[in-house]
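Report on the structure given below.
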Amino acid sequence: MKPLSRILAGLAIVFALAPLGSAAQTISDLNEQMFEDMRTGRKVSAAEVARIKEIFARSNYIGQGNPAVTRHPMSPAECAAGLPGGIRYYDNARFEQICGEKYMAPLYDPRTQSASQATACIDQFEYPNVPCTYPVVWVKASEAAQICAAEGKRLCDAHEWEGACAGALEAPDYRFDLASGVSPSTAVARMQAAHNAKYEPQRAWAYGATYQPGVCAGGSFKNASCNGGNFSGCGSNTYPTGSFPGCTGQLKVYDLHGNAAEHMNLPLDPSQMTSLGSTTLGVTEMKGSWFIWDSIRAHPEWCRWRAPFWHGSSVMSSGSHSNYHLGFRCCKSI
């Protein structure tokens, strides 16, 4: 029998006629509700929320989608109803003790370590990292890095996201030798080819060795008005985070496939690794897939796959890319 969340998702897609908010709701209105969810759901401090609001206020777009055209296939209430015990399903006292806050998971290699030996943690859900809320989209990589920093966190390095997905954090394997003396686009192409050739024979998804439609939040739809990724025509038709509890692996990080693709940091030399304390960062890396992936799989995608230099820039460039199905999550060194 299908989980209730997946049954509700299917029914909601059929009848998905209501936009994200009422006509009176603006992005600012919806963001205020999201900030309240962060305060109550994971105890983000007033000072941190104030810093985050300043970043959001510089943009006309950052939020959970354009409310005029966004039509979600599932409501937050339906998400909670599909989880045993509601969103408390995701409470994990051990993780909180290790990571110092709710809804973060330790990053480690279960083959050689215990969770208590982790030196970093990753958000279990796409930002705002509260289960059964819609992910933030239309956010630039530079803004994502600033938002993470506002909470005392950081944008993850690519290998950390990959380890969270594959169920084992492995040592950084960046081929910095291939990036020396060439342009960022050439460096990324060389490093990507070497990395993907190494890991392709053991490709896997968070939940198993083969891709399975329906396991993750990939069964939504694209607006007929969406042409070229514009804000006015493209709805961010995402599911609430955590709607598919089976979309996870051994490290218990969710929605790494489907829902929103995610900004990460790809370092081109060791001085750009956030996991080593860098605040300058490297170039943009887009991880995961998005909310229509079960019907349109436009490129390869598996846990340790690295993408081409799509819309590439330095992470901290003011012109870094944003779109209607691109979000992020944060990491934290401990």
Side-chain angles (χ1 to χ4, degrees), residues 19-72 76 101-104 123 125-156 226 229-238 240-241 259-265 274 279-281 284 286 290 311 313-332:
L20 172 60
S22 69
Q25 285 184 301
T26 66
I27 290 176
S28 294
D29 295 331
L30 295 165
N31 285 345
E32 283 298 324
Q33 179 58 58
M34 181 185 67
F35 297 141
E36 181 61 24
D37 291 339
M38 291 163 57
R39 282 189 289 260
T40 59
R42 56 182 181 90
K43 308 303 179 187
V44 180
S45 72
E48 289 170 337
V49 170
R51 292 196 292 268
I52 295 163
K53 283 185 174 183
E54 289 179 2
I55 300 164
F56 273 63
R58 299 180 203 134
S59 169
N60 294 321
Y61 305 104
I62 302 177
Q64 295 162 311
N66 179 356
V69 291
T70 291
R71 289 169 171 78
H72 296 293
E101 59 185 276
K102 288 179 74 70
Y103 307 133
M104 295 199 83
D123 288 348
F125 307 96
E126 296 153 331
Y127 202 84
N129 193 35
V130 178
C132 294
T133 59
Y134 299 118
V136 166
V137 290
W138 286 111
V139 57
K140 298 177 180 180
S142 57
E143 294 164 336
Q146 292 164 20
I147 293 165
C148 291
E151 291 197 37
K153 301 181 183 181
R154 55 183 174 79
L155 204 60
C156 306
C226 184
N230 62 83
F231 183 76
S232 62
C234 296
S236 301
N237 303 328
T238 50
T241 57
N259 228 23
E262 301 177 25
H263 289 295
M264 291 294 140
N265 175 53
T274 71
T279 57
T280 56
L281 282 67
T284 52
M286 296 185 194
W290 58 308
H311 306 287
S313 72
S314 65
V315 170
M316 298 310 295
S317 168
S318 61
S320 56
H321 182 61
S322 66
N323 70 34
Y324 66 103
H325 56 84
L326 180 57
F328 69 104
R329 71 181 77 210
C330 305
C331 282
K332 181 176 77 170

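Along the sequence shown, the residues carry numbers beginning at 1.
Looking only at distances, a side-chain donor or acceptor of E126 sits under 3.5 Å from a matching main-chain atom of A260. At distances below 3.5 Å, at least one donor-acceptor pair connects side-chain atoms of S236 with backbone N or O atoms of Y324. Using a distance-only test at 3.5 Å, with no hydrogens or angles considered, no donor-acceptor pair links the side chain of H263 to the main chain of L155. K332 contributes no side-chain N or O that, together with a main-chain N or O of G152, makes up a donor-acceptor pair within less than 3.5 Å. Of the possible polar contacts, one joining the R42 side chain to the P128 backbone as a donor-acceptor pair under 3.5 Å is found. Counting only distance, with no hydrogens or angles, the side chain of N66 and the backbone of F231 share a donor-acceptor pair below 3.5 Å. The main-chain N or O of G319 is found under 3.5 Å from a side-chain atom of S317 such that the two form a donor-acceptor pair. Side-chain N or O atoms of T241 include one that pairs as donor or acceptor with a backbone N or O of V130 at under 3.5 Å. Side chain of D123 to backbone of C330: a donor-acceptor contact under 3.5 angstrom is found.
Closest approach of A141 and S320 over heavy atoms only: N-OG, 3.2 Å. Across every non-hydrogen atom of V69 and G233, the tightest pair is CG2-C, 4.2 Å. Minimum heavy-atom separation, V44 to E48: CG1-OE1, 3.5 Å. In terms of heavy atoms, E262 sits closest to F328 at CB-CA, 4.1 Å. The minimum heavy-atom distance linking G65 with I27 is given by the pair O-CG1, 4.2 Å. Pairing each heavy atom of C234 with each of G229, the nearest pair is SG-CA, 3.5 Å.
The distance from atom NZ of K140 to atom CD of Q146, rounded to the nearest 0.5 Å, is 9.5 Å. Taking CD1 from I62 and CD1 from I55, the interatomic distance works out to 8.0 Å, rounded to the nearest 0.5 Å. In this structure, CG on N265 lies 8.5 Å from OG1 on T280, to the nearest 0.5 angstrom.
By the 4.5 Å heavy-atom criterion applied to side chains, Q25 and Q33 are not counted as neighbours. Side-chain atoms of Y127 and M38, non-hydrogen and from C-beta on, do get closer than 4.5 Å to each other. Contact of the K153 side chain with the N129 side chain is registered, since non-hydrogen atoms from C-beta on lie closer than 4.5 Å. Side-chain atoms of M34 and T133, non-hydrogen and from C-beta on, never get closer than 4.5 Å to each other. A heavy-atom distance below 4.5 Å is found between the side chains of N237 and T70. Side-chain contact between T284 and H321: absent, with no pair of heavy atoms (C-beta onward) separated by less than 4.5 Å. Within the 4.5 Å cutoff, the side chain of F35 has heavy atoms near those of the I52 side chain. For the pair T274/C156, no side-chain contact is recorded, criterion being any heavy-atom separation below 4.5 Å from C-beta on.
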Intermediate values then yes/no, salt bridge (Lys or Arg N to Asp or Glu O under 4.0 Å), R51 and E151: CA-CA 8 Å; R51 292 196 292 268; E151 291 197 37; over 6 Å; no

Audit row: I147, F56, side-chain contact (heavy atoms from CB on, under 4.5 Å) steps and yes/no: CA-CA 9 Å; I147 293 165; F56 273 63; 3.6 Å; yes

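Y61 OH: 12 or fewer foreign heavy atoms inside a 6.0 Å radius.
Using modelled atom types and a 3.5 Å distance limit, the side chains of S28 and N31 yield no donor-acceptor pair.
Using bins of under 30°, 30° to 60° and over 60° for the plane-to-plane angle, the ring pair H72/Y134 lands in the parallel bin.
By the SG-distance test at 2.5 Å, no disulfide connects C148 to C331.
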